[in-house]
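What follows is a single structure, written as structure tokens, with notes after it.
Order of listing sets the numbers, starting from 1, for every ligand and every atom in it. Keep in mind the model is a prediction, meaning the values are calculated, not measured.
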Amino acid sequence: MKIFIGHLHPLLVHLPIGIWIIYLLIEFLKTRNQYKQIDFIIKIVFYTGAISAVASIITGLINANQQGYPTNDVFNHQWMAIGTSVLFLIFFYIRNHFTLRTVLVNSFLILLFMLISITGHLGGILTHGEDYFSIQNDEKKVIKPLAIQHINEALIYKDLVQYIFDKNCLSCHGQNKQKGNLRLDTYDHIMSGGKSGKVIQLSNLEKSELIKRILLDQSDEKHMPPKDNMQLETFEIQMLKWWVSNGAETSSKVKDISADTLMIRSIKQFHDAFSQINDVASIKRPMLDEIEANTLKKIQSLGWSLIPLSKDDHYYRAVAFNVEDSIGNALKTLSEISKNIIELKLSFSNLNDKDAIQLSAFRSLEKLWLDHTLITSKGLENLKQINNLNYLNLFACSINERDLSNYSDRRDLKLVYPNMKDTAWKIADTTELTAIKKQLP
Ligand code: HEC
């Protein structure tokens with residue numbers, strides 16, 4: 001109920017403003033001789049205005065306690081409102097008990113008109129933000145689409161990072177306004193910092209004021225962008241963090257950066273959100289050293305087939321087809337070279353949830369076949385940290401759609417699972433499924 005009454009405030013406030021402005025007008029007319037007889041209306045108008053002012057102030061005070069507005073702004077608006085109302089009462093009293101010179105009355109009228117306008121404006125700032133009354137502001141709210149043809153060719157700083165600043169920060173940190181003495185519209189400005197010095201310390205997230213600010217809780221006064229402004233998406237925060245921790249440099253393109261899966265995933269999400277062009281960011285894998293001959297032998301002796309996936313970067317597909325030991329143990333041994341395994345085929349093995357614990361070690365996996373195994377949703381929990389995964393086959397497992405809800409935000413992941421039907425995710429197309437079926441013994 002209290003909240004409801006508080007919410008009446010934005011509605012009620014228009015009454016005293018309107019009514020008292022009419023009152024001021026009548027008072028003005030009264031100073032001109034031929035309108036002397038309108039005295040009787042004045043009182044009615046003034047009292048209606050006064051009652052609505054009191055109602056506005058009460059609902060306003062209730063509102064101020066509940067809605068977490070910036071305390072300074074509330075303070076100004078509140079005391080302007082109360083002060084202005086008191087001045088109205090004093091003026092009304094004087095008008096009714098003393099005779100004043102016309103010039104004096106008119107000056108008073110102008111003063112009161114200005115005060116009531118300022119009070120209203122201060123209230124407007126609270127609900128609509130400081131920029132509400134500025135003409136320039138309108139066009140800036142339009143987000144321009146991402147102007148890159150191929151995401152892999154995009155420059156990390158110029159096309160992505162600066163785009164985020166342009167979109168979320170320039171209204172206060174651009175050419176027209178430099179809140180906190182900070183401009184974020186060019187690289188040099190970003191690097192030269194604001195009133196408290198540099199806002200980016202190369203490769204140091206903890207010391208970079210800009211990163212600290214965007215990570216602060218939204219309720220924190222120092223959080224950027226300030227509450228009530230368009231906030232950054234998680235993937236945009238990830239991208240800014242990555243950029244700063246990698247030296248905030250300006251020359252790398254998306255295709256140059258090596259497999260930092262979180263960054264690649266963020267770029268993909270960013271691209272999905274702001275570009276219409278259907279083009280996918282690629283993952284460049286780091287070069288690995290050759291696997292020691294002994295290790296290789298040990299693993300192969302367990303029955304693992306290791307198939308090199310390209311000539312000399314030492315990445316493999318491991319197939320468990322001939323593994324005779326328990327699959328859990330075999331996986332444990334294989335995990336010694338988990339970095340090198342990007343495809344893992346466990347189809348038709350008797351892998352269960354307990355064996356699946358070993359899967360969490362395979363962080364580089366991109367493709368994983370678990371079809372025709374005993375895995376359930378519990379075992380799938382072990383895949384949570386495998387960010388690179390872009391193909392997961394769960395055909396003929398006891399897993400239902402609900403168990404897969406964890407993956408609903410993974411638009412880059414192809415899932416094959418029993419109850420295939422159209423979902424929000426990309427699903428392996430049927431040709432792929434036929435291919436898999438053909439491989440069955
Ligand atoms: C609605 C206006 C507004 C927007 C939008 C905004 N800021 Fe700010 N920012 C401010 C104000 C006001 C200050 C100064 C007060 C303070 O220090 O909190 C400030 C201060 C800062 C400072 C501290 C500067 C210094 O040297 O003290 C940083 C860093 C900052 N903003 C980063 C950002 C980033 C990054 C964005 C966009 C993601 C952003 N701001 C968006 C209003 C804004």
Salt bridge or not for [X] and [Y], using N-O below 4.0 Å?
| X | Y | answer |
| --- | --- | --- |
| Glu381 | Lys378 | no |
| Asp220 | Lys222 | no |
| Glu209 | Lys198 | no |

### Phe113, CZ: over 12 other non-hydrogen atoms inside 6.0 angstrom
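Count not over threshold, so no.
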### CD (Gln218) with more than 12 external heavy atoms under 6.0 Å
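Check passes, neighbour count above 12.
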### Task
Could you check which of Met224, Met230, Lys167 puts a non-hydrogen atom nearest to atom 33 (C) of ligand 1?
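Going through Met224, Met230, Lys167 one by one, Met224 has the nearest heavy atom to atom 33 (C) of ligand 1.
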### Query
Which option, Arg213, Glu236, Gln178, Lys198, owns the non-hydrogen atom nearest atom 16 (C) of ligand 1?
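Minimum heavy-atom distance to atom 16 (C) of ligand 1 goes to Arg213.
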Answer side chain, backbone, both or neither: which part of [X] comes under 4.0 Å from ligand 1, heavy atoms only.
| X | answer |
| --- | --- |
| Val199 | side chain |
| Cys169 | both |
| Lys195 | both |
| Leu184 | side chain |

### Query
When only distance counts, is Ser196 in polar contact with ligand 1, meaning an N/O pair under 3.5 Å?
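Yes.
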### Message
Quick check: His173 and ligand 1, any N/O pair under 3.5 Å apart?
### Response
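Such a contact does occur with ligand 1.
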What atoms of ligand 1 come closer than 4.0 angstrom to any heavy atom of [X]?
| X | answer |
| --- | --- |
| Asn229 | 1 (C) |
| Gly194 | 26 (O) |
| Leu182 | 22 (C), 28 (C), 29 (C), 30 (C), 32 (C) |

### Query
Among the heavy atoms of Ser171, does any lie under 4.0 Å from an atom of ligand 1?
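Yes, Ser171 has a heavy atom closer than 4.0 Å to ligand 1.
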### Query
Is atom 8 (Fe) of ligand 1 less than 2.8 Å from at least one N/O/S atom of Cys172?
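Cys172 does not place any N, O or S atom closer than 2.8 Å to atom 8 (Fe) of ligand 1.
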### Task
List for me each residue that meets ring pair (Phe, Tyr, Trp, His ring centres under 6.0 Å) alongside Phe98, sequence neighbours excluded, and say none if there are none.
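Checked Phe98 against ring pair (Phe, Tyr, Trp, His ring centres under 6.0 Å); zero matches.
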#### Entry: side-chain hydrogen bond (donor to acceptor under 3.5 Å, both in side chains) between His189 and Gln175, intermediate numbers included
CA-CA 10 Å; His189 282 125; Gln175 219 179 347; over 6 Å; no
### Task
Only pairs at least two apart or in different chains count here, so list each salt bridge (Lys or Arg N to Asp or Glu O under 4.0 Å) that has a residue in residues 85-98.
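Output for this query lists Glu27-Arg95.
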### Task
May I ask you to check whether Phe92 and Tyr47 place their ring centers less than 6.0 Å from one another?
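For Phe92 and Tyr47, the ring centres are under 6.0 Å apart.
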